[in-house]
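Quick notes on the structure that follows.
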Amino acid sequence: MAAVERPVVKPRPIYLNLLAIRQPLPAIVSILHRISGALLFAVGIPLLLWFVQTSLASGAGYATAFGPLSSSLGKLVLLAIAWAYIHHVLAGLRHLALDLHIGTDLAPTRTASALVMVVALLLTLIVAVRLW
Amino acid sequence: MAVGAHYGARDWLAQRVTAVVMTLYTLLIGLIVLWHGGLDYASWKAMFASTAFRVVSFLFMASLLFHAWVGMRNILMDYAKPTSLRLSLQVAVVCVLVAYAGWTVQVLWGHA
């Protein structure tokens, strides 16, 4: 048997500037999944607990809980949280589909990624219309 | 902190089970709000007075907090490279999650 040629070891080009690489759509959905998840952990959960606690305290508390929604800042914060939740759920459903070996080819996975982005933004738009 | 080769598959599965629990709860809340045609204080209060709803909501929050732990831990494992920094941040996340858990019990059972 002929000796196997050892591959010549040469330095590989290192080009890992994430901001300079054009990310494929599934990568964008994936990083937004992480960002939205971290946002929900840090801001979404305490806001949710505060809202439910305040709203259940009394009739006046119920009004207080919705109070922030009368300001533009309050609306923007809720809109950001709404987008994060919607995007995170949809991107998660995409993950579950991939786990079940649904749509793992390149074309379907691109389509699904685009679908996650677009549907999340459309649902967020509906929330925005309801808020303003 | 779990180490070794055994917790990955368990957490992978737990992440998906908790995700399904939370998705179903979200749909349930959506259906309830649609059914009522919006919410007011009286129906909101009545909904949270039911023990069944408190237990289901607690199940949602328990899923959420465990799911958040796995997710935040994975993020920190990827980006917080120095061990001391990663461990500190993971401990901070655990403390916050335990505080959220206590707050959750107070919110769900701390009212009439």
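Atom set for the values below is all heavy atoms of this structure, side chains included, hydrogens, waters and symmetry mates excluded. In what follows, chains carry the letters A, B, and so on, assigned in the order in which the sequence lines appear, proteins first and then strands, with residues in each chain numbered from 1.
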Which region of [X], side chain (C-beta onward) or backbone (N, CA, C, O), has a non-hydrogen atom less than 4.5 Å from a non-hydrogen atom of chain B, or is it both or neither?
X	answer
A:L56	both
A:A63	neither
A:I31	side chain

(message) With a 4.5 angstrom heavy-atom cut-off, is it the side chain or the backbone of B:L39 that approaches chain A, or both, or neither?
(response)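 Contact with chain A involves both backbone and side-chain atoms of B:L39.
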Item checked: Residue part contacting chain A, namely of B:L65, when any heavy atom lies under 4.5 Å ->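 For B:L65, the side chain is the part near chain A, not the backbone.
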query: Picking from A:D99, A:L40, A:L96, which has the most non-hydrogen pairs under 4.5 angstrom with chain B?
result: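 Heavy-atom pair counts peak at A:D99.
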Checklist line | Option that, when pairs with chain B are counted at under 4.5 Å, heavy atom only, ranks first among A:G37, A:G59, A:G61, A:G92 | finding: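 Sorted descending by pairs with chain B, the first entry is A:G59.
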Validation row, ring centre A:H33 to ring centre A:H88 under 6.0 Å |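 Yes, close enough.
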What is the distance from atom CG of B:L87 to atom CD of B:Q90, rounded to the nearest 0.5 Å?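 These two atoms lie 6.0 Å from each other.
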Sort by residue number and list every member of residues 42-54 of chain A having a non-hydrogen atom under 4.5 Å from chain B.
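Residues A:A42, A:I45, A:P46, A:L48, A:L49, A:W50, A:F51, A:V52, A:Q53 are the ones that qualify, each having a heavy atom under 4.5 Å from chain B.
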Hey, what's the ring geometry for B:Y100 with B:W103, parallel, tilted or perpendicular (30° and 60° as the breaks)? tilted
B:F58, B:Y41, B:F53 screened by ring pair (Phe, Tyr, Trp, His ring centres under 6.0 Å) with B:F48, the one that passes: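 Among B:F58, B:Y41, B:F53, the one meeting ring pair (Phe, Tyr, Trp, His ring centres under 6.0 Å) with B:F48 is B:F53.
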Is it possible for you to say whether A:V89 and A:I126 belong to one hydrophobic cluster, with membership spreading through side-chain heavy-atom contacts below 4.5 Å?
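They do share one cluster, since a chain of ILVMFWY contacts under 4.5 Å joins A:V89 to A:I126.
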Between A:L90 and A:L98, is there a shared hydrophobic cluster once you connect ILVMFWY residues whose side-chain heavy atoms come closer than 4.5 Å?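 No, it is not one cluster - the side chains of A:L90 and A:L98 are not joined through contacts under 4.5 Å.
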pair B:F66-B:D11: side-chain heavy atoms closer than 4.5 Å: yes
Q | Residues from residues 16-23 of chain B approaching chain A under 4.5 Å (heavy atoms) | A |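 Those residues of residues 16-23 of chain B which have a heavy atom under 4.5 Å from chain A are B:R16, B:V20, B:M22, B:T23.
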- Any donor-acceptor pair under 3.5 Å from B:R86 side chain to B:L76 backbone: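 The answer is no, because no donor-acceptor pair under 3.5 Å joins these two groups.
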>> Would the distance check show the side chain of A:T109 and the main-chain N or O of A:D105 forming a donor-acceptor pair, the cut-off being under 3.5 Å?
In response: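 Checking the backbone N and O of A:D105 against the side chain of A:T109, no donor-acceptor pair under 3.5 Å is found.
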| query | Side chains of B:T26 and A:Y85: donor-acceptor distance under 3.5 Å anywhere? | reply |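 Present: a donor and an acceptor within the cut-off.
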- Begin from the C-alpha positions of B:S57 and B:Y25 and carry the test side-chain hydrogen bond (donor to acceptor under 3.5 Å, both in side chains) through to its verdict. CA-CA 8 Å; B:S57 298; B:Y25 182 85; 2.8 Å; yes
Criterion side-chain hydrogen bond (donor to acceptor under 3.5 Å, both in side chains) on A:S55 and B:W44, from CA distance to verdict | CA-CA 8 Å; A:S55 65; B:W44 180 247; 2.7 Å; yes
Are there over 12 heavy-atom neighbours, none belonging to B:W35, within less than 6.0 Å of that residue's CH2?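 Counting other residues, nucleotides and ligands, CH2 of B:W35 stays at 12 neighbours or fewer.
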